Amino acid sequence: MSANVTIPLSSEPRPMQGSGDTGKTRPMDYGISGRPGVADQEKTVALIRKEKGLDPVVGWFVCVEGGDKGRDYRIRAERNFIGRSEKMDVCIRGDDTISRDAHAIVSFDARKNIFRLFQGDSKGIVYVNDEEVIHAVVLRPYDVIELGKTKLIFIPFCGEQFVWE
């Protein structure tokens with residue numbers, strides 16, 4: 001798999017290259033070097049990891065209902081994507097009613113020490129304490145998050161009592 005990465009290099013428009021006889025175009029593969037064909041293979045690093053040299057746990061979900069009952073999931077700083085895919089930060093394999101990619105997103109804002117839950121890009125509805133998530137919801141300790149047939153309890157580690165320094 002090659003990564004197509006968009007990195008602004010200048011205000012000049014970028015050339016496009018054709019993708020065969022399909023009549024479609026795609027951006028040329030510019031890498032971190034700014035040269036075509038040299039892809040940026042580095043993984044994006046969370047700001048807290050960059051500043052502190054570690055990617056610490058900031059909270060957990062614990063599955064209390066569903067195919068993965070009893071399993072825990074680590075939440076890291078910034079945005080954590082939730083879905084069935086192994087590529088997700090929180091991978092819930094035991095529930096085929098959860099979308100593979102980005103069913104929901106949980107974020108930890110290290111500046112404000114708060115957690116938020118967002119509806120993802122899936123067709124499935126996300127609930128917090130039996131209320132549909134339409135806009136970002138601030139998570140509180142022991143909130144119940146429901147995705148598909150799975151229920152998760154939210155347990156924060158960072159917040160008023162503790163912050164990573």
Side-chain angles (χ1 to χ4, degrees), residues 1 3-9 30-34 39-165:
M1 248 174 32
N4 284 330
V5 179
T6 303
I7 300 173
L9 298 175
Y30 279 86
I32 196 77
S33 68
D40 176 7
Q41 299 297 323
E42 298 297 318
K43 187 174 181 179
T44 302
V45 179
L47 185 60
I48 194 169
R49 180 177 183 183
K50 187 83 167 171
E51 290 176 350
K52 299 179 184 347
L54 67 148
D55 193 10
V57 171
V58 296
W60 297 270
F61 288 128
V62 177
C63 183
V64 294
E65 190 173 307
D68 287 350
K69 186 175 181 177
R71 185 180 174 110
D72 67 312
Y73 305 93
R74 292 178 180 176
I75 302 170
R76 308 257 183 208
E78 299 184 6
R79 291 168 30 121
N80 296 258
F81 293 87
I82 305 168
R84 283 191 347 256
S85 169
E86 302 261 340
K87 296 176 184 177
M88 297 292 98
D89 302 295
V90 176
C91 175
I92 303 173
R93 295 185 198 108
D95 186 347
D96 61 1
T97 62
I98 294 175
S99 295
R100 280 183 192 82
D101 300 314
H103 192 110
I105 303 163
V106 63
S107 70
F108 175 69
D109 181 341
R111 290 183 183 179
K112 296 181 181 177
N113 286 321
I114 59 172
F115 292 84
R116 289 189 180 96
L117 185 72
F118 302 81
Q119 173 70 41
D121 293 332
S122 81
K123 291 169 67 175
I125 297 175
V126 178
Y127 296 92
V128 173
N129 301 324
D130 292 323
E131 293 293 325
E132 182 179 355
V133 174
I134 297 171
H135 303 286
V137 174
V138 174
L139 289 177
R140 307 280 180 225
Y142 296 95
D143 277 348
V144 177
I145 293 90
E146 188 174 346
L147 309 106
K149 296 177 183 175
T150 297
K151 287 188 180 179
L152 306 168
I153 300 284
F154 168 66
I155 302 180
F157 181 59
C158 291
E160 293 177 18
Q161 303 294 318
F162 178 83
V163 292
W164 290 105
E165 296 193 23

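Just so it is clear, the structure is predicted and the values come from calculations on it, not from any experiment.
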Mind checking whether V57 and R76 have side chains closer than 4.5 Å, heavy atoms only?
yes

Counting C-beta onward and ignoring hydrogens, is there a side-chain heavy-atom pair between V126 and V137 closer than 4.5 Å?
no

Please report the interatomic distance CD(E131) to CG(N129), rounded to the nearest 0.5 Å.
8.5 Å

What heavy-atom pair brings F118 and V133 nearest, and what distance separates the two atoms?
C-CG1, 4.1 Å

How many angstroms lie between CD1 in I82 and CG in L117, if you round to the nearest 0.5 Å?
6.0 Å

Point-to-point distance, once rounded to the nearest 0.5 Å, from CD1 of I98 to OG of S85:
12.5 Å

To the nearest 0.5 angstrom, please state how far the CG atom of D55 sits from the CH2 atom of W164.
10.5 Å

Distance-minimising heavy-atom pair for R74 and V90:
O-CG2, 4.0 Å

Do the non-hydrogen side-chain atoms of D101 and D121 ever get within less than 4.5 Å of each other?
no

Looking only at non-hydrogen atoms, find the nearest pair between S122 and S99 and report the distance.
CB-OG, 2.7 Å

To the nearest 0.5 Å, atom OG1 of T150 lies from atom NE2 of H103 at 9.0 Å

Which heavy-atom pair separates F115 from C158 by the least distance, and what is that distance?
CE1-O, 3.4 Å

Hey, is the main chain of G124 close enough, under 3.5 Å, to the side chain of Q119 for a donor-acceptor pair?
yes

If we only count heavy atoms from C-beta on, is the I125 to E146 side-chain gap below 4.5 Å?
no

Non-neighbouring partners of R93 that pass salt bridge (charged side-chain N to carboxylate O under 4.0 Å, His left out), sequence neighbours left out:
E86

Taken to the nearest 0.5 Å, the spacing of F61 CZ from D68 CG works out to 13.5 Å

Got I155 and D72 here, is their nearest side-chain heavy-atom distance under 4.5 Å?
no

Per side chain to side chain contact (heavy atoms under 4.5 Å, CB included), L152 is matched among D143, I92, V62, V106 by I92

Does the side chain to side chain donor-acceptor pair (under 3.5 Å) test come out yes or no for N80 and Y73, once each step is laid out?
CA-CA 11 Å; N80 296 258; Y73 305 93; over 6 Å; no

Taking every heavy atom of A104 against every heavy atom of L147, the minimum-distance pair comes out as CB-CD2, 3.7 Å

Exercise: identify the closest heavy-atom pair between D96 and R84
O-NH1, 3.4 Å

Could you label the plane-to-plane angle of the F162 and F157 rings as parallel, tilted or perpendicular, counting under 30° as parallel and over 60° as perpendicular?
tilted

Give a yes or no answer on whether the side chain of W60 reaches the backbone of I153 with a donor-acceptor pair at less than 3.5 Å.
no

